[in-house]
Each structure stands twice: as C-alpha cells, then as structure tokens.
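A note on names: the letters A, B, ... follow the listed sequences, proteins ahead of strands, and every chain is numbered from 1. Hydrogens, waters and symmetry mates play no part in the numbers below; they use all other heavy atoms, side chains included.
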Number of protein chains: 2
Amino acid sequence: MAQNILIVGGVALGSKAACRFKRLEPESHVTIIDQDMYISYGGCGIPFYVSGDVSDVHDLRKTSFHMLRDEVFFKNCKDIDIMTETRAEKIDRENKLLHIRRKDGSTDTLAYDQLVLGTGSSPRRLPIPGVDLPMVYTAANLRDAEAIKEVVTKGQVERAVIIGGGFIGLEMAEALADMWEVETTVVEYCDQIMPGFVSSMFARMAQGQMEEHGVHFYVDEEVKAIEGTDTVTAVVTNKRRLEADLVIMSVGAVPNSDLARDAGLEIGKTGAILVDEHLRTTDPLIYAGGDCAQIPNLVTGQPAYFPLGSMANRQGRVIGTNLAGGNAKFKGAVGSFVVKTFEAALAGAGLSLSSALKAGFDAISVQVAQLDRAHFYPDKGMMYLELVVEKETRRILGIQGFGEQGDAVVGRINTVAAFLEDRPTVDRLSNVELAYSPPFSSAMDILNALGNTAENLLDGRYRPIDVDGFAEKWSSNGDGQCLVLDCRARQDGEPFAQKYPERWINIPQDELRQRFKEIPPGKKLILVCNTGVRSYEAQLNLKEMGLDDPVSVQGGMVTLNKCGLDL
Amino acid sequence: MAQNILIVGGVALGSKAACRFKRLEPESHVTIIDQDMYISYGGCGIPFYVSGDVSDVHDLRKTSFHMLRDEVFFKNCKDIDIMTETRAEKIDRENKLLHIRRKDGSTDTLAYDQLVLGTGSSPRRLPIPGVDLPMVYTAANLRDAEAIKEVVTKGQVERAVIIGGGFIGLEMAEALADMWEVETTVVEYCDQIMPGFVSSMFARMAQGQMEEHGVHFYVDEEVKAIEGTDTVTAVVTNKRRLEADLVIMSVGAVPNSDLARDAGLEIGKTGAILVDEHLRTTDPLIYAGGDCAQIPNLVTGQPAYFPLGSMANRQGRVIGTNLAGGNAKFKGAVGSFVVKTFEAALAGAGLSLSSALKAGFDAISVQVAQLDRAHFYPDKGMMYLELVVEKETRRILGIQGFGEQGDAVVGRINTVAAFLEDRPTVDRLSNVELAYSPPFSSAMDILNALGNTAENLLDGRYRPIDVDGFAEKWSSNGDGQCLVLDCRARQDGEPFAQKYPERWINIPQDELRQRFKEIPPGKKLILVCNTGVRSYEAQLNLKEMGLDDPVSVQGGMVTLNKCGLDL
C-alpha cells in the first residue's frame, strides 16, 4: 500500500532518505519540508567555496553530473515534492499530522504515515558581547558562505579572527589565508588545536604547518567579547585584543532537537534525539538521523554525537530502507575524521589518548614516524602515526595520523577504522595486509610498524618518551642530570654534540658495543635517532649492557623538528 | 640459555627473522647463510632501479637512514653473522647440522638449535628454445637488475619483449618504455593481462593506460621460441615474430623447496614448504617463510602461495618471535596487491570474479565508477571499483580497483583488505566509515556506493551489464534488437543518438516519465549514463512503468571509454 512520507529537513539525511525510499517504493508519496531556500547541498564544501577551490556556490548543490538539486530536480528525477522556506512547527503524533508554517505566514497541517526528522544542527554561538554584530559568521550554511566570499573577494577583509581551532576553524583559516591573503588568526580555548581529537604532538605539527603559511594561533586563550559598533572591529580575549574586520565562530554544533522534544520524543544525554539501531525514535513511526540524532560511539559503547555529512548520508539510506519495511541498521560510529591543513592532512579514527583516558580506559599511546612508501622510492613523504591502546587488553582504541601526502595518511586511518568496531588487539595491526609495491608502501608498512611498536611497548621492551616529555626534560635540564645519546651517524649527530657539549653525545648505534664506556655514568639517558628505529635498537643494546633506564624519543628527530622544537 | 640459530637465505624473511630474534634474545647467536653476494635488499625495487627512479642499485640494499645492509652492518648494528656466497647443501635433522659449501668449494657443517628456511623462489623459465641466450633476463635479483640497466643506459636496447603481463612484467614494461624509450612489447599467454587477479574490465583499462605511453600488448598469444645466435634477435609466438634485443621473462615464481624436501620436510600442494600458523615446518625445530613457504588463503581457506616481499617481512618477524619462545601467529593472507601503471594504479585484495568461480564460489561481481573525492573538489579523479560477492551468503570475496590517484585507490583496497578475513557481508561495506572531508572523499564514498550497489544487485533491483556484455551486444547488433537508451542530459546523449539513429536514443532520466512513449516497443533496452547512477534510476523508473528487462551499463560511459570502446 502506498505510504505518505514526510521528511523535515532536506540537506543531507533528508534528501538521501527520500531518494532511497522512492527507489524502493516508487508508488509512495514523499514530501521534504525545509526552512531554508536551499536543500540537498554539500555543506562540508563551504570552506572550499570560500577558498576559491569551488568557484560557484551552486556547485555545492549540484550532482556529480552537474544537475542542480533543486525542487525541479527532485520532482522530475526523483518524483519527490519539496517545500522550501517552510518551517515544521509541531508534530501531532496522535493524529499523525505535521503542522507547518510557510514564509508568507500561512500555516497548514500535513498527514503522514511515517515521519523523518533530519533537522540538523545549529552552529554554537558563544554567549559573549558582540556575537550578533555584522561580519560575525558561523560558516554553517550557503548564505553565510556567499556573504563571506563576497566580502573577501571584494577585498573588504584585511584581518580575520577565527574562534575555535577545530575542523571548520582550520579549514576556514586556510581558505582565508591561502587564497585571499587575509591576515588570519585562530583563537582556541583549549591548550591545543583539535582538542580531544589528537595529541599535542599532532596539534603542534598541524599548527606549525599552518603557521608556515601565515596563519597565527593563540591557544589556551578565552574569547571574552567581540567589539564593534556598525561592524566588527576586534576580538578581545583574556590575554589580548585582536583587530578584525571578519570573525568566524566555529565552536561546535548543537543538535536541533526542539521539534522532537516538544513532541515528547526522548532526547539523549548529548542533547540529540534518541534513536535505536534502526534509527527509529521512541515513536516507531518517526525516524531521526544526521546532525540531530544521537548514535553510539562504537569504541566506548557510550552515546555520542557525530555531526558529519558522511554520517548523515549513510544514515539517510538506512532510514530510506526502513521506511520501506526493510531491516537496515546503523550500529554507530568510530569517529573517523580528516582535516586538510594546506599540503598536509590530519586524520584519525576512534579515541585519542586524552579522550580514551577521559572515557575511563587505562590507555597508553605509541607514536611512529616512517616514510609513507619505500624509502628508496623518490616521491616518498614522512608520515606520523599514533596508536592508542588499552594496556591490559592490548585493544586498539584509536589511531591518529599526519603527513604531507594526504591520501596516504587517510588510507592508513581508514584501514584501521574499518575494523575498529571489532575490538582488535595490536597484533591485528602488526599483520594487517596492505597492498604492497614500492610506489605505495614499504615492505613493512608504517601501519605494521605501529602495531609492532605498540607490542614492544606493551611487553616492556620499548621505553619511549614523547615530544612533550622531551621538551620538558630539555628545558628543565639546568641540573645536568639528563644526557641525550644521539645514535645517528656521525655526520648527523656530531654537530649537536658540539653545540651542546654538556647535554648531548653522539655514539652511532653500530658503534655502541665498542664505545659503551664513553657514556658518562650517573646520567639519565635520552636516546634519539632520526625516526626512532635506531634509538630503540640502542635501548636494547644498552639493556644488554646493564643499563635499564634509558628512554627513546618516539619518532626521533624528524618528530621533534616537525613539532617545532628548536634544537 | 643462549641458542644457536641458523638462517638459510637473507633477502627479506631471513634478515627480518634474525633481527627480530636478536632484539628478543641478544645473548643468542645467529648466522645467516646466503648463496648470493648481496643480502637484505628490496627486490621489489628492481623495476624502479631499471626505470631510473632509484639511481643506484645499492640504494635497494640500504636502510631508510642510508646504511648499507651488508655483512659489516649486520655485525655491528645487529650482532648477526653473515656468510655470503655460501650454499646450504643438506640438513641433517637428526644431528641438527647444516652442511654448507663455500664459493671456493670448501665445505663445512654448522650446528643449530633452531633453523630457519628463507630460501625464497626462483623465477619460472619457459621450456622453450633460446631461454639461455644472452640478453634474456628474469629481473629477479640485483645482478640481473644491474645488467639490464647497463644495456639500456648504454643505448644498446631498441626493442624489448616482455614475456608475461603480470606484476613484474608490467612494471618492467613501464620502466623500459617510460625512461629509456625502448620499443616495448608485452606478450601474455592468457586472454588478458593480470589474469586471475582482475576482471577483463581492469585489464582493458590498465593495458589502455600503458598503450597510451607506447607499450604494445599481445594477449592470448603463446611464446614458442626465443631466437638468436650470439644474442637475442627475436621472440616468436604462435602468431608472429617480434624483433627484440632484450627479453625479460616474467612468468611467475617457483618456490625453492628442494633443501626442505631433501630433508624430509613436508611440501604443500603448491610446491612450497608446508608450515603451520606459527610458520613451523613439520620439524618443530625448523621454520620456513617468505617465498619458499605455503600459507592459507584466508578467503578460500585453501593452501596458497604469495611470493611477496611484504609478506616475507611480516612472516620474518613472526618467526623471530617464535624462535625466542614466543607464540606469534601468521594466519595467512587475503592477497592484497597493487601495481603502478604509469600515473595510474591497479590494486586488489581477495578474489577476482574468475578466481572466485574457479575456487567453487557461486559468485557475482558489481562494478562502480565514481570520483575519488567530492565531485565539487578540483583535484578529483575517476576511480573504478569491482566487488566480488558470494550470491547466497552476500559475503564479500574480493575487491579490485583502478584509478589515476594511486594512493586513493590503494587506500580503498586496504580498507577492505583489513576486514576481508572476517567474512564480511556487503552491508559492512555500505556502512564502512571512511574519514570524510571533501578533499579526500565523498559524503557517500565510492566504497559505500560499491556496497550499496552490490546490495541492489543481490536484491534483484539492479540488472547490470558489463563492458564485455555491452561490447558483445553492440558489435553483434546487426539484427537491430538492441537499443541503447542514453539517460544523460541532451548535450551529452544527443550526439550519440544522431551518430547511431537506429541503435541509440537519448531521453534524459528526468524526462523519462514524460517521454516514456517515445521508447520504441519490442527492443531490448540497454540503459547508459555517465557513471551508472542515472541509468540505475532509469531502470527503476522503467520498471515502475512495466518494463522489467532493461539492463544498465555498469560504470556508464566513463567505463566504456576507459576500456577503449570506440563509440
């Protein structure tokens, strides 16, 4: 029997659910109601429209075959009705009616057999003075995108301040600084960018990468007010005043769950709508998904909130199937992510060390630096990976990576994301079978090496120190208790030994057995080499010779350098 | 108690096993015996040395930190003894002795507590006249590599014939044609290149890519003889005579299992040494791995042979652990692979359709063409994927892919390879959670689309036809029974309709409901669009209107074009 399906919200989830359902039940009737004038667009593309990578904002509304996904497209191609600039005001669940209000103020009630809520999210706005000033944007919809692009292309922006160093903040900073040479400053409340998502090592690397391209950063700094009268003139933090003629606030998203809440549907602890694995709300005739719904984090098993376009698309298909009587499931997410930072990419899946500890895991992490393909192949690049592991069970909780060959980084992260929900242990990573050929990987790929290194750490053979640990020991080394033992070849290590005669010695790993006696006794040794391979070998050599406590710098000198340590 | 470990063969497996073991048991003694003068080199790099990507052959012998992995390196860095140019002649298992013969003819017996066989493989040589002529090489070791490079750099090679269109054949063909502008011809015995590994669609694509760069191909052709007196002058097939002054024979590898067989160790049905999941042979004191050992194919569960450097490295580590009393396992392989073909890459994991059918699976496959990142992002490229599925169980048996952004293709293949051993079903792929951002993926990534398409096929909604099927119908269409219904926009489809007025009509998918009556009755309809999305939609539209039997061209026009169909 033909059904009448109403869908509230038509950006990602709603339109996907509608299209999938119509392919399964062409005889049924589907109407999408959206408060905006634009539907079915790629909101994640906004920074790339602002940057100029995408020249026309309407390209974000087109299919890959260049058709504009507007009302006419949905009617002719999909036989789906669209009502734009129309608000869904109230759900009358008892009578299965949706109350709507059009732009002209007229109201109506629409009957449904099943209803889908794809109401999305709203950008969070800080409760500070000045947030409503002109030239303060959130970059959350196409109208914002058009407005921002217009002012930058007209040369009206000399200085921009981005509030928030998360995904959108970094992407918008790159867009403004790269293409438009706007003096761009990112202010982040936490003590690093991408807080919760990556370790301080990666935050240092990504920030350094962006600083090289002229973006300024102030982390651990709280925005107190936005100043201006007719328009924005400055952003005031607890530490300074930053002149600005454009402000972009990217401090997270808040699920639009009011419509559901008012209808008596249960709301999850994240503030998003509670749904089961079929993406049904607590009313079996009402589905919800995308930015307004709460789903499980498959690593923690806890309720989570992942406002991401890819998630919404996959969920939309699940809902479309289930509207047609199917039994599709969406079990949750491991939280895969990637953000481009100029020529590099920062990506991850699962938990960072800090988020794992926060979630109650007894977790540790291990970091590896290695080339992303055979070391003898010319187009290689350095890649940095970190694996987060539960100590007791050796379970992999998450992986993060950074590198200048973005596809190569993302490929490694996706490989782990693919099985993260299965509660893999580190041996799984040691043996993961990547397609091998020198132009694409090493015979022992960095992913395998990451698993192996984690195993060596868990088994107590590998005693690492990370960049923060090194930086602390290095800067507080007034007492001369620490000594860096540089295991690299003479031409690499000797210049450092000469520069820091009291704190640095160079004994190449292959000479360590012979020259063991040159190591001054009573010092706390910090072993370092180029990427960490030889310093690990040296650590084992020294243990054999009775020295149990030297530590090895994870990822070696390339990591210290990439993190901006000035040695 | 300190052990005495002997390792026969020191290229990949042997040296890895030795190093890992020594890190775990530094007090034990390890000796590697190798018949060659070079050990521990990256044999997979040989084509890239010939091509000039790697300038010095000894770079293939170096660590990533530029140390030559020779006898001195192994002694000083690893405390491992190396005996090069020494043959292992016989294993006396009863007395735990290895009989060896040095280059100078002297012999010796060495005692072992545990023994490792890393004897590798030998390149297969066809039993035809002329295989022993000068200038006939197999590109299997560094001396071959040096010899080939020397003659090409000296300009002594105008025409080369490569026998065998597998991995090494294609890589060597690219090396010769690209850098040295040698007139290069590949002759393949089977009816396509990369037989067994990929479908004819991918074989067509990769061959076409290489033909664009001047490489010639003759498939389905048997080499009968190599001609010449002092040196090679020609290769004679069952169909033609090809002049040549260099011949490279790349027709597979044969495991070197004689030493094991003579010692009474069990040999598997593949001809390689039988080992258990700890990589122990039938003698618990003897391990084997790498190119001389047989391991399970994790998709079929059957014994298999995967001579690949990455496999050998991972297995070497497992053996090293077990030599030291560990309990490491190597369960088998799913057969991940990648080969670079000029700017593109051809990759896969698990079974191709033909190998699945051969292994007894009731399998089908589905093909998808989609951009490798957001369609509005500038640096996108087209990617082609094929998924092989068991019909009844919906189990994923394999995936293959081709595209011009190699890392992006390999990343998708690795993502599936990572969970292929878990017997995943297609819904797993529909929901696989790739890191999403427009510069790296689509909101509905091609991998998700591949899973979705497979589901639509298995559920009977999607009725596809592949490039071979289309080519057959197109070329045999003398009776006028078939009609191509082109669902693309007018500007794309109309020129074809004008060119083939009897066989091609253009009705854009969004006009199909209105213009349904224009479709001539009684024809077998073949639906086509750009990539296959609209033709699938059209197929459902037509079904709604009562037409059940139209088929849809998988991957659309971009696939037909990429396969070289001249339309």
Side chain, backbone, both or neither: which part of [X] has a heavy atom under 4.5 Å from chain B?
X: N431(A); result: both
X: L434(A); result: both
X: Q315(A); result: neither
X: D372(A); result: neither
X: V72(A); result: neither
X: R23(A); result: both
X: T531(A); result: neither
X: D379(A); result: neither
X: V334(A); result: both
X: E433(A); result: both
X: E421(A); result: side chain
X: R373(A); result: side chain
X: R314(A); result: both
X: A374(A); result: neither

At a 4.5 Å cut-off on heavy atoms, which part of [X] comes close to chain A: side chain, backbone, both, or neither?
X: F330(B); value: side chain
X: R428(B); value: side chain
X: L447(B); value: neither
X: V410(B); value: side chain
X: F73(B); value: neither

Check whether any side-chain heavy atom of [X] sits under 4.5 Å from a side-chain heavy atom of [Y], and report yes or no.
X: R534(B); Y: C77(A); value: no
X: D422(A); Y: D422(B); value: yes
X: P26(B); Y: K543(A); value: no
X: D53(B); Y: Y377(A); value: yes

Assess whether a salt bridge exists between [X] and [Y], defined as any Lys/Arg side-chain N lying under 4.0 Å from an Asp/Glu carboxylate O.
X: R317(A); Y: E455(B); answer: yes
X: D427(A); Y: K329(B); answer: no
X: D510(A); Y: K75(B); answer: no

Would you mind telling me which of [options] has the largest number of heavy-atom pairs within less than 4.5 Å of chain A?
options: A345(B), A443(B), A12(B); answer: A443(B)
options: T415(B), V432(B), N414(B); answer: N414(B)
options: A349(B), A538(B), S437(B); answer: S437(B)
options: G42(B), S55(B), G45(B), A347(B); answer: G45(B)
options: E511(B), E27(B), R461(B); answer: R461(B)

Next on the checklist: Hydrogens and angles aside, do Q370(B) and S64(A) bring a side-chain donor and acceptor to less than 3.5 Å of each other?
Outcome noted: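 S64(A) and Q370(B) do not have a side-chain donor-acceptor pair below 3.5 Å.
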
Mind ranking [options] by heavy-atom pairs under 4.5 Å with chain B and telling me who comes out on top?
options: S442(A), G411(A), A408(A), A417(A); value: A408(A)
options: I413(A), L60(A), N452(A), L371(A); value: N452(A)
options: K22(A), K78(A), K62(A); value: K78(A)
options: L429(A), N530(A), T63(A); value: T63(A)
options: D445(A), V416(A), D59(A), D79(A); value: D79(A)
options: K16(A), Q509(A), Q514(A), E171(A); value: Q509(A)

Item to check | Donor-acceptor contact present, side-chain H375(B) to main-chain H66(A), <3.5 Å | outcome: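 The answer is no, because no donor-acceptor pair under 3.5 Å joins these two groups.
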
Item to check | Pi-cation contact, F65(B) with R488(A) (under 6.0 Å, within 45°) | outcome: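 No, a cation-pi geometry is absent between R488(A) and F65(B).
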
Checklist entry - Does the gap between the ring centers of F376(A) and F48(B) come in under 6.0 Å? => result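 For F376(A) and F48(B), the ring centres are not under 6.0 Å apart.
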
Item to check | Aromatic contact, F337(A) with Y436(B) (centres under 6.0 Å) | outcome: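 Centroid separation for F337(A) and Y436(B): 6.0 Å or greater.
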
